[in-house]
*Asks:* 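My structure is below; once you've seen it, I'll send some questions.
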Amino acid sequence: MEYNFKDIEKKWQQRWAKEKTFATKNDSTKPKYYVLDMFPYPSGAGLHVGHPLGYIASDIIARYKRHKGFNVLHPMGYDSFGLPAEQYAIQTGQHPKITTEQNIARYREQFDKIGFSFDWDREIRTSDPEYYKWTQWIFIQIFNSWYNRKTDKAEKIETLIAEFEKSGNSPVNAVCEETKTFSAADWKAFSEKEKSDLLMNYRIAYLGEAYVNWCPAMGTVLANDEVKDGVSERGGYPVERKLMKQWSMRITAYAQRLLDGLDKIDWTDSLKDSQRYWIGRSEGTSVRFSLIPNPSPKEKGAKQHWQTADPKFYEELKRFVRENKQPQTEAEDKLWQLVRNNQLGVKFRRQHPIGTYIADFICLEKNLIIEVDGEIHNRTNEYDENRTAVLNKYGFKVIRFTNKQITNNIEEVVTTIKTECAASPSPKERGLGGEAKHTIEVFTTRPDTIFGVSFVTLAPEHELVDKITKPEFKAKVDAYVVASKSRSERERQADVKKVSGEFTGAYVIHPFSGKQIPIYVGDYVLAGYGTGAVMAVPGHDERDHRFAKHFGLPILQVVEGKDVQEESYDAKEGKMMNSDFLNGLEVKAAIKKTIEEIEKKNLGKGKINFRLRDAVFGRQRYWGEPIPIYYKDGIPHAMPENELPLVLPEVDKYLPTEDGEPPLARAKDWKYKDKYEYEQTTMPGWAGSSWYFLRYMDMHNNKVFADKKQIDYWQNIDLYLGGSEHATGHLLYVRFWTMFLKDMGYVNFDEPAKKLINQGMIQGVSEKIYLTKSKTNTAWVKQANGDLQRDSFTDDVATVFVSGSTGNLIQKLKNDNDLTEINVPIHIVKNNKLDIKSFLEYFPSYKDAAFVSEGGIFYKGEQIKNRFFENGDTTFYTKSEVEKMSKSKLNVITPDGYYDEKIKAFVPGIIDDFGADTLRLYEMFLGPLELSKPWNTNGITGVHGFLKKLWRLFSPSPAGEGRGEVAIVDAEPAKAELKTLHKTIKKITEDIERFSFNTSVSNFMICVNELTDLKCNKRAILEPLLVTLSPYAPHITEELWEKLGHKESIAFAPFPTFNEAYLVEDNFSYPISFNGKMRFNIELPLTLTVPEIENIVMKDVQTHKYLEGKTPKKVIIVPKKIVNIVV
RNA sequence: GCUUGGGUGGUGGAAUUGGUAGACACGCAGGACUUAAAAUCCUGUGACCUUAACAGUCGUACGGGUUCAAGUCCCGUCCCGAGUACCA
């Protein structure tokens, strides 16, 4: 009987599929275990040998837990949107020839061939309308929610509307800071559009303006985690920044919870760290700096100085004024007659818009507003306070009179106005131009260094840049702003260290020292973080230091430590100096003190900033879940839930329209109720994967996304396996959605996965040759004596390849910039030797190329320069390099073989040569799961040999024959055999529990080696061994299990129990060491006490030999461990 | 730069709480079986020195330290991989 892995594996794979052996039962009497792999995006190349690493590990765990009596959920699905070959469609607009079904079928075929125990009754595809119906449903829930800061959780939007109706908007409700304050009455008076716009500031899924990563080549926006090195992760196209109206997810509302939750879950530290960094919480304070020179409106050019209205609302306000001009109160008219036409020496305006308000009377010069409260306005006191606060923010002082005051005592009113006018010097009187007073708010984590501020820098996008820039600097600043906006992300990242900026000509006043401080624009300040402005402390911040050096600005030292003129001193320790009231304090104390002072002077307040940005959710792509929103009168509405799914419509082309609209704009007659436009962007790839783990629990439910009972039973994932590259993308989003669903009461846990393991990456080994760029007929060739010489071809050669082994030659050509790296398919390379014939079959366009190697020149299948080919050696060597496995690098190794159309040959994989069990064991044997390593097959024979050896235990025929039927005896096992077995059970259990799969494979080898030495063929030993091995090598163990007479699958056989009794030793071989150096062993009974051991050891002949007559200073005896004698 | 993981034979890697460094496997060398090959089995295999044998010295990137005892703990240095990048 031979170990025929091919037939065995096929037989069991078919039987498992037919009998649905691994379908999860809804058995809530058993303890549950949920083990999940991140599902793949089945792109064209199929699984490569790196993929199964994590799947095999999780399959081992799943199978192990089944043996342990758990009800195991172990499903698999596909991130199937945008398949197949999205890139192809983006470029051509055509649907690619390989279908999604074909792609997925190939994956499924490979999964089956490796013998995974997935429950295929629960296969998810994110692109299936039955699935994305629920993705859309969750989107609607998110859209209809807001984040309540008070209860610190998401709530239905209705509760916010109720709040608004009851008491208007107060900062308590604010999720984003720049929202309007308004009264309940205002709310009721708002139009539907206004209400909708306001609510958008609170919805967790919202439509808002934001700078996004725009990828022109793909015609879509990308999330931060979809951009790598300034180019798109999928496709590698350049990305630029663009201000766009976009659907976004308010993940920032969850920033603190996402951070705190990390402490509760068992994920790797590196992964938690990258999430912490990405969330980027930093504590600091805001500080407002007042601006000194406001350029006058005329200096600024475009605008009239009296135009103080918010431009967005200007038209509306104007109309309002026009409509309300007539019904003025008597009192207002009376007062107007006395202040108009510069009667008080200053110009007053009537019914003048400020921001979004309309002031009754206003004097722009004096920043003074006079409000008349009366019957017409009939406002509440509370509302007046709000209004005053807002107007104050615009820099105006507000004085109020009632109608009665004016009617009864107008003289007194006018006197008050005059006094107020005199008391508020106009900017001109203060020697300055301009109108409304501006402040620049900055965020800093080092308020202690405030006396070290020598300039303030604004981001180019900062709203004040335009307003404050002095005319003589305007041209340069404008040019700078435009230039930095048009720079691509890649360019921006490329010269991070390059300083650039412009002086605006304006200054602020230092709030403590009163010094004038210049304002600059610089793109090292990011618009999206903090306030988009920084107080620059070049002495103690590296970036500010660079900027100061470049522009020759003063560098002040305010923390003792080291000289700051040449290099900044960024450390957060030391004593303060040159800092007025902070002098002598330690940095920490100084920070505290400064915040106190800032808050006391009302210049700002302590604040926490997060680096995390809201997640852009809309994609201008075809493939993705349609966003279930339609627009009615410009107002977005969620579709009714019972009308879901909103199915992706047919389009003629998968490209944006000529006007740059997303592809969905091409869909004909695609309208809600035939009337209303649908949202045309689609959801990003991460939408479907943010909740899929819940759908697996209740795959086929068509009433809810998953039944509450099922969710309560399965809870969150016990073990989640996936790559660490998802740290700042998927793994953040899935936590966010889970927290949201918890807030809504759909699940009762915050975190999607209790434990998470990152499997390492298996890298590929690429084989490279080099293509010279120039199409000349010459090439550098190594001469027999080793020199390089330019050698002419006599033939007409279009392309010249250079071998990877010709190191000098390559260096020379590289220096000449005359070299392109070409990856060649690895299966046409053996031991770095390129098979040129196959290469030409693979790339027929190169059929006229010449191949220059150290040995000579190879051309048109013939060697043409024989003087270089010594000994007739025509080898053309490649250069190997370890790289990520990818289709484009032609270095993909698939676990199973495939037919290569180009060279018309079958390329075998590991499974074809050694079988799936060997593949599984070998991938585990390679090393620790988390480690990345290049794929090599060096050790595979060892693992395969182990399986053959195992097989032979069951058919103990004379060595060398390997034939005979299963021959197992029922005899009582010997002590040594039981010891081997139980030692193995113990080790394997420990190894699995700590995910140390490589060592368990070793332990199996040791076990089989020992049993072979013992010539053990006893059922009582071999049966339990099979069960412990079956998670790793399911096929061979099933087959042997069956041959032993079992009818049931081994998959559910109970895991053997470990019995300590078999391992109890009578003796222990003590290592005897002298001064820590091991010299010899003494076998001693374990029953001995420490003094008895010492007694025996000291009497030993060998001990005397090493003591050389000296008396030991000390004897250390650790029972069952070691004896150390100190001489 | 920052964060993080790591550095052990010719190779992949073991050594779980400080207690015999190099498990297990590959490779290599020698041998058995064979007409031969494959397969299988046996022996050896960190380096150095030495031998008939025993024994000895040095060894976990480098330099220090703690300890009876350090691959493991502490301090400093160097190198490699991964992530991230002007986050004030």
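Here the structure is a predicted model, which means the values were calculated and not measured. Just so it is clear: chains get the letters A, B, ... in the order the sequence lines come, proteins before strands, and each one is counted from 1.
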*Asks:* Please confirm whether the ring centroid of Trp951(A) lies under 6.0 Å from the ring centroid of Phe946(A).
*Replies:*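 Between Phe946(A) and Trp951(A), which both carry aromatic rings, the centre distance is not below 6.0 Å.
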*Asks:* Report yes if at least one side-chain N or O of Asn998(A) is closer than 4.0 Å to OP1 or OP2 of rA25(B); otherwise report no.
*Replies:*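 Indeed not, no polar side-chain atom of Asn998(A) lies that close.
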*Asks:* Give one of base, sugar-phosphate or nothing for Glu725(A), where a contact means two heavy atoms less than 4.0 Å apart.
*Replies:*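 Result for Glu725(A) = nothing.
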*Asks:* Just call it for Phe547(A): base, sugar-phosphate, or nothing, with non-hydrogen atoms closer than 4.0 Å on any strand.
*Replies:*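 Answer is nothing: Phe547(A) stays at 4.0 Å or more from every strand.
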*Asks:* Under 3.5 Å for both donor-acceptor distances, Watson-Crick or wobble: does rG63(B) have a partner, and if so which one?
*Replies:*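 With both distances under 3.5 Å, rG63(B) matches rC75(B).
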*Asks:* Strictly under 3.5 Å: I want the nitrogen or oxygen pairs between protein and nucleotides 60-69 of chain B, one per line.
*Replies:*
| from | atom 1 | to | atom 2 | distance (Å) |
| --- | --- | --- | --- | --- |
| rC68(B) | O2' | Asn1124(A) | ND2 | 3.1 |
| rC68(B) | O2 | Asn1124(A) | ND2 | 2.7 |

*Asks:* Ser282(A) near the nucleic acid: base, sugar-phosphate alone, or nothing, with a heavy-atom cut-off under 4.0 Å?
*Replies:*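 Sugar-phosphate contact only - Ser282(A) comes under 4.0 Å of backbone atoms but never of a base.
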*Asks:* Mind checking who rU57(B) pairs with, Watson-Crick or G-U wobble, both distances under 3.5 Å?
*Replies:*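 rU57(B) is paired with rA47(B).
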*Asks:* Compare side-chain N and O positions of Tyr529(A) against OP1 and OP2 of rA88(B) and report whether any pair is under 4.0 Å apart.
*Replies:*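 So the side chain of Tyr529(A) is within the cut-off, an N or O lying under 4.0 Å from OP1 or OP2 of rA88(B).
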*Asks:* Report the base-pairing partner of rC2(B) (Watson-Crick or G-U wobble, both distances below 3.5 angstrom), or none.
*Replies:*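 Its partner is rG83(B) (Watson-Crick or G-U wobble, both distances under 3.5 Å).
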*Asks:* With a 6.0 Å cut-off on the ring centroids, do Phe914(A) and Phe5(A) count as close?
*Replies:*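 Centroid separation for Phe914(A) and Phe5(A): 6.0 Å or greater.
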*Asks:* For rG46(B) versus rU8(B), give the span between their C1' atoms, rounded off to a whole number of Å.
*Replies:*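 To the nearest whole Å, 10 Å.
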*Asks:* Quote, to the nearest angstrom, the C1' distance that separates rA39(B) from rA52(B).
*Replies:*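 Going atom to atom, C1' in each nucleotide, I get 38 Å.
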*Asks:* Between P on rC58(B) and CE on Met1078(A), what's the gap in Å once rounded to a whole number?
*Replies:*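 Atom-to-atom, Met1078(A) to rC58(B), this comes out as 15 Å.
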*Asks:* Taking the basic N atoms (NZ, or NE/NH1/NH2) and the acidic carboxylate oxygens, is any pair closer than 4.0 Å for Arg546(A) and Glu542(A)?
*Replies:*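 Salt bridge between Arg546(A) and Glu542(A), a charged N being under 4.0 Å from a carboxylate O: yes.
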*Asks:* Identify, with sequence neighbours excluded, every residue that meets side chain to side chain donor-acceptor pair (under 3.5 Å) alongside Ser500(A).
*Replies:*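 Checked Ser500(A) against side chain to side chain donor-acceptor pair (under 3.5 Å); matches are Tyr480(A), Asp523(A).
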*Asks:* How close or far is atom P of rG12(B) from atom CG of Asn938(A), stated in whole angstroms?
*Replies:*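 Between P of rG12(B) and CG of Asn938(A): 10 Å.
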*Asks:* Starting at CZ of Phe914(A) and ending at P of rA25(B), how long is that distance when rounded to a whole Å?
*Replies:*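 From Phe914(A) CZ to rA25(B) P: 17 Å.
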*Asks:* Check this one for me: any side-chain N or O of Arg1079(A) less than 4.0 Å away from OP1 or OP2 of rU20(B)?
*Replies:*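 No, outside the criterion.
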*Asks:* Counting heavy atoms from C-beta on, name the nucleotide in rA55(B), rA14(B), rA25(B) closest to the side chain of Pro928(A).
*Replies:*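 Shortest atom-to-atom distance from the side chain points to rA14(B).
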*Asks:* Do the side-chain N or O atoms of Lys1077(A) get closer than 4.0 angstrom to the phosphate oxygens (OP1, OP2) of rC58(B)?
*Replies:*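 Yes, within the criterion.
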*Asks:* May I ask you to decide whether Asp266(A) forms a salt bridge with Lys272(A), counting only side-chain N to carboxylate O separations under 4.0 Å?
*Replies:*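 Between Lys272(A) and Asp266(A) there is no salt bridge, as every charged N stays at least 4.0 Å from the carboxylate O atoms.
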*Asks:* Whole angstrom is fine here: how far is it from OH in Tyr922(A) over to C1' in rC24(B)?
*Replies:*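 My rounded result for the distance is 13 Å.
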*Asks:* Using the C1' atoms only, state how far rA69(B) lies from rG19(B), rounded to an integer number of Å.
*Replies:*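 Nearest-Å result for rG19(B) against rA69(B) at atom C1': 7 Å.
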*Asks:* Measure from NZ on Lys1105(A) to C1' on rG56(B) and round the result to the nearest Å.
*Replies:*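 In whole Å, rG56(B) C1' and Lys1105(A) NZ are 10 Å from each other.
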*Asks:* Heavy atoms only, 4.0 Å cut-off, all strands: where does Val525(A) land among base, sugar-phosphate and nothing?
*Replies:*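 Base, at least one base atom sits under 4.0 Å.
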*Asks:* Select base, sugar-phosphate, or nothing to describe what Arg276(A) touches, counting heavy atoms under 4.0 Å on all strands.
*Replies:*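 The residue Arg276(A) makes no contact with any strand.
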*Asks:* How is Phe1004(A) classified with respect to the nucleic acid when contacts are heavy atoms under 4.0 Å: base, sugar-phosphate, or nothing?
*Replies:*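 Here Phe1004(A) touches no strand at all.
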*Asks:* Looking at residues at least two apart in the chain, or sitting in another chain, which of them share a ring-ring contact (aromatic ring centres under 6.0 Å, His included) with His462(A)?
*Replies:*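 Scan of His462(A) (ring-ring contact (aromatic ring centres under 6.0 Å, His included), adjacent residues dropped) gives none.
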*Asks:* Against Lys979(A), only a single residue in Glu1065(A), Glu1060(A), Glu1010(A) fulfils salt bridge (charged side-chain N to carboxylate O under 4.0 Å, His left out); can you say which?
*Replies:*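 Filter result, single survivor: Glu1065(A).
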*Asks:* Using OP1 and OP2 only, check whether a side-chain N or O of Arg611(A) sits under 4.0 Å from rA88(B).
*Replies:*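 Arg611(A) to rA88(B) OP1/OP2: no side-chain N or O under 4.0 Å.
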*Asks:* Starting the side chain at C-beta, find the nucleotide from rU4(B), rG13(B), rA39(B) nearest to Asp273(A).
*Replies:*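 Shortest atom-to-atom distance from the side chain points to rU4(B).
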*Asks:* Report yes if a side-chain nitrogen or oxygen of Thr999(A) is closer than 4.0 Å to either non-bridging phosphate oxygen (OP1 or OP2) of rU16(B); otherwise report no.
*Replies:*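 The answer is no; no side-chain N or O of Thr999(A) sits under 4.0 Å from OP1 or OP2.
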*Asks:* Please work out if Asn1009(A) contacts a base, only the sugar-phosphate, or nothing of the nucleic acid, heavy-atom cut-off 4.0 Å.
*Replies:*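 Sugar-phosphate, backbone atoms only, no base.
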*Asks:* Please find out if less than 6.0 Å separates the ring center of Tyr922(A) from that of His944(A).
*Replies:*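 Ring centroids of Tyr922(A) and His944(A) are no less than 6.0 Å from each other.
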*Asks:* Are the aromatic ring centres of Phe455(A) and Phe547(A) under 6.0 angstrom apart?
*Replies:*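 Yes, the ring of Phe455(A) comes within the 6.0 Å limit of the ring of Phe547(A), centre to centre.
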*Asks:* Taking OP1 and OP2 of rA39(B), is either one under 4.0 Å from a side-chain nitrogen or oxygen of Tyr3(A)?
*Replies:*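 No, no such contact exists.
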*Asks:* Could you tell me whether Phe443(A) contacts a base, only the sugar-phosphate backbone, or nothing, with contacts defined as non-hydrogen atoms closer than 4.0 Å?
*Replies:*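 Base, at least one base atom sits under 4.0 Å.
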